[in-house]
There are 2 protein chains.
Amino acid sequence: MSATLKPRHETDSPKRLQILDAAANLFIAQGYGAVSMDAIARAAGVSKATLYAHFTSKDLLFATIIGEACRENLMGQWLTSLEDGALVTDVRAALTALGLGLLRLLLEERSLAIYRVVVAESVRFPELGRAFHENGPVQFRRAFGPWLDEQAKAGRLRAADPDVAADQFIGLLRSGLYLRAALGLPPAPTEAEIAATVTAAVDTFMRAFG
Amino acid sequence: MSATLKPRHETDSPKRLQILDAAANLFIAQGYGAVSMDAIARAAGVSKATLYAHFTSKDLLFATIIGEACRENLMGQWLTSLEDGALVTDVRAALTALGLGLLRLLLEERSLAIYRVVVAESVRFPELGRAFHENGPVQFRRAFGPWLDEQAKAGRLRAADPDVAADQFIGLLRSGLYLRAALGLPPAPTEAEIAATVTAAVDTFMRAFG
DNA sequence: GTCTATAGAAGGATAGAC
DNA sequence: GTCTATCCTTCTATAGAC
């Protein structure tokens with residue numbers, strides 16, 4: 001339950017990488033309780049003894065893998081789109097591009113699966129909740145807030161608390177569609193629904209802060 | 001896995017009610033995988049044989065209990081506040097009262113625990129996702145939408161798609177605080193934070209739809 | 001209906017050979 | 001490091017007595 005959390009390295013043994021990959025797929029898809037160490041060993045093509053030679057417990061393996069999944073930047077990659085030259089002065093276009101990228105990412109099956117696992121196990125594994133929060137909302141605020149301030153200084157947006165505005169933008173994006181998808185309810189979101197949700201979110205945001 | 005789902009009745013045997021109560025507390029607090037039938041029997045003060053006499057499988061017991069928890073109206077009780085006479089003509093006050101009631105309810109430890117369990121298990125138990133969605137967002141739309149239409153007809157709100165507006169109001173309420181609480185991250189939300197979140201949500205909503 | 005006792009399977013973790 | 005084989009615990013579910 002307490003040991004060193006080694007991140008993944010290219011120098012890691014092939015077996016270790018096999019274990020990490022197999023366990024990640026299983027844990028992310030099925031959660032902690034539904035996956036056995038037997039199943040992981042089988043999927044990784046190693047014996048259970050080898051598995052335990054690399055990870056001293058199931059808890060440690062789980063925390064390592066899901067923590068790493070959270071740190072693989074849920075949102076960071078999309079924030080750079082705010083720096084796109086053509087969009088700097090067109091607030092609505094910038095928000096729409098950002099919103100589309102973010103919502104598509106949030107609705108990917110892998111993102112949803114990580115969300116389900118983290119929400120389910122964050123009580124027993126508090127470090128997972130912290131990692132998810134830090135790499136999701138917190139990171140978004142850190143990048144989006146300054147951009148909002150910049151736009152406000154340029155007179156293209158009303159001055160407001162940037163953290164609140166950032167949270168509300170995410171909240172608007174996650175309205176409606178997201179919960180349905182997180183619960184796995186059919187029908188799966190269509191690209192048209194995603195676009196409509198983003199448009200509605202940007203409309204509301206611009207009316208409030210434009 | 002498939003059997004008749006009997007709801008709770010006053011005519012039910014005391015043992016059955018003991019089982020339902022004990023199992024509900026355990027499942028809601030710890031989820032499906034972490035709770036054993038042994039633990040439920042112990043907490044209910046009955047033997048495992050008695051437990052199985054009432055519920056033919058762990059799956060059935062789990063689905064019965066969580067489904068019932070979803071149908072115990074997560075939101076319905078608060079929608080009546082919209083009919084409060086004094087608030088009919090004061091849109092901002094009505095939204096603030098509604099928002100406070102809803103957000104406080106959503107942040108209760110029991111509501112959060114149900115959310116965690118449903119999100120975690122809705123893939124394996126699709127009926128739970130449906131029950132949660134139907135008794136949460138869908139029911140809210142059904143009550144909030146007509147109220148919005150009414151306000152629009154009275155000229156106190158701008159005409160807009162009531163479903164979208166209802167979803168966005170929930171989205172604004174759940175921005176920031178809610179995810180942190182769902183992940184169990186300290187510090188626990190204070191009443192001041194709740195009030196500030198509601199005020200900010202109503203502000204944004206009124207700027208967009210007022 | 002309710003209990004004690006237990007079957008039968010699967011779980012996490014380890015010993016010892018190579 | 002890696003394997004096979006196995007230990008011990010815990011799990012779901014049931015048989016049989018009252």
Side-chain angles (χ1 to χ4, degrees), chain A residues 1-6 8-66 117 120-121 124-125 128, chain B residues 1-6 8-27 29-66 117 120-121 124-125:
Chain A
M1 196 60 171
S2 66
T4 317
L5 292 182
K6 272 194 284 184
R8 196 184 305 217
H9 275 121
E10 285 78 13
T11 61
D12 282 348
S13 78
K15 299 265 181 192
R16 185 184 171 89
L17 294 178
Q18 289 171 33
I19 292 171
L20 283 169
D21 279 347
N25 288 333
L26 288 172
F27 277 137
I28 290 174
Q30 306 179 36
Y32 179 86
V35 174
S36 72
M37 292 297 261
D38 268 299
I40 294 171
R42 213 177 313 128
V46 302
S47 71
K48 271 207 288 184
T50 300
L51 179 51
Y52 276 97
H54 286 279
F55 299 92
T56 58
S57 77
K58 184 183 176 184
D59 281 9
L60 176 67
L61 180 57
F62 178 73
T64 301
I65 281 172
I66 303 300
V117 172
E121 302 297 341
R124 279 200 301 158
F125 298 89
L128 299 187
Chain B
M1 196 59 175
S2 66
T4 318
L5 292 183
K6 273 194 285 184
R8 196 184 304 217
H9 275 121
E10 284 79 11
T11 61
D12 282 348
S13 78
K15 299 264 180 192
R16 185 183 171 90
L17 295 178
Q18 289 170 32
I19 292 172
L20 283 169
D21 279 347
N25 287 333
L26 288 172
F27 276 138
Q30 304 178 36
Y32 178 87
V35 173
S36 72
M37 294 297 262
D38 266 299
I40 294 171
R42 212 177 313 128
V46 302
S47 71
K48 272 203 291 183
T50 301
L51 179 51
Y52 276 98
H54 286 280
F55 298 92
T56 57
S57 78
K58 183 184 175 182
D59 280 9
L60 176 68
L61 180 56
F62 178 75
T64 302
I65 281 173
I66 303 299
V117 172
E121 302 297 340
R124 279 200 302 159
F125 298 89

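Treat the numbers as computed from the prediction; the structure is a model and nothing was measured. Below, read A as the first sequence line, B as the second, and so on, with proteins coming before strands; counting in each chain starts at 1.
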Checklist entry - Are the side chains of B/F55 and B/M37 in touch, meaning some heavy atoms are under 4.5 Å apart? => result no
Checklist entry - What is the distance from CZ of B/R16 to P of C/dT2, rounded to the nearest Å? => result 11 Å
Checklist entry - Looking at A/Y32, is A/R124 sitting on its ring face, NZ or CZ under 6.0 Å from the six-membered ring centre and within 45 degrees of the normal? => result yes
Item to check | Atom pair distance, as rounded to whole Å: CZ in B/R42 and P in C/dC3 | outcome: 15 Å
Checklist entry - Looking at the side chain of A/K58, which of C/dG1, D/dA13, C/dG12 is the nearest nucleotide? => result C/dG12
Item to check | Qualifying residue, where the test is side chain to side chain contact (heavy atoms under 4.5 Å, CB included) with A/F62 and the options are A/I65, A/D59, A/I66 | outcome: A/I66
Item to check | Length of the line joining B/M37:CE and C/dA10:P, which is rounded to integer Å | outcome: 18 Å
Item to check | Whole-Å distance separating the CG atom of A/D38 from the C1' atom of D/dA5 | outcome: 13 Å
Next on the checklist: Contact between A/L61 and A/Y52 at the side-chain level, heavy atoms closer than 4.5 Å - yes or no?
Outcome noted: no
Next on the checklist: Is the phosphate of C/dT2 approached by B/T50 (side-chain N or O, under 4.0 Å from OP1 or OP2)?
Outcome noted: no
Next on the checklist: What is the distance, to the nearest angstrom, from the CD atom on B/Q18 to the C1' atom on C/dG1?
Outcome noted: 13 Å
Checklist entry - Counting any heavy atom closer than 4.0 Å, what does B/S47 reach on the DNA or RNA strands: base, sugar-phosphate only, or nothing? => result base
Item to check | Interatomic distance where OH belongs to B/Y52 and P belongs to C/dT6 [whole Å] | outcome: 18 Å
Checklist entry - For B/K48 and C/dC3, what is the distance between atoms NZ and C1' respectively, to the nearest whole Å? => result 13 Å
Next on the checklist: Tell me the interatomic distance from B/L61, atom CG, to D/dC11, atom P, rounded to whole angstroms.
Outcome noted: 15 Å
Checklist entry - Between A/A49 and A/V35, which has a closest nucleotide on DNA chain C that is more 5'? => result A/V35
Next on the checklist: Can you identify which nucleotide, out of D/dC11, D/dG1, C/dT4, has its nearest atom closest to the A/H54 side chain?
Outcome noted: D/dG1
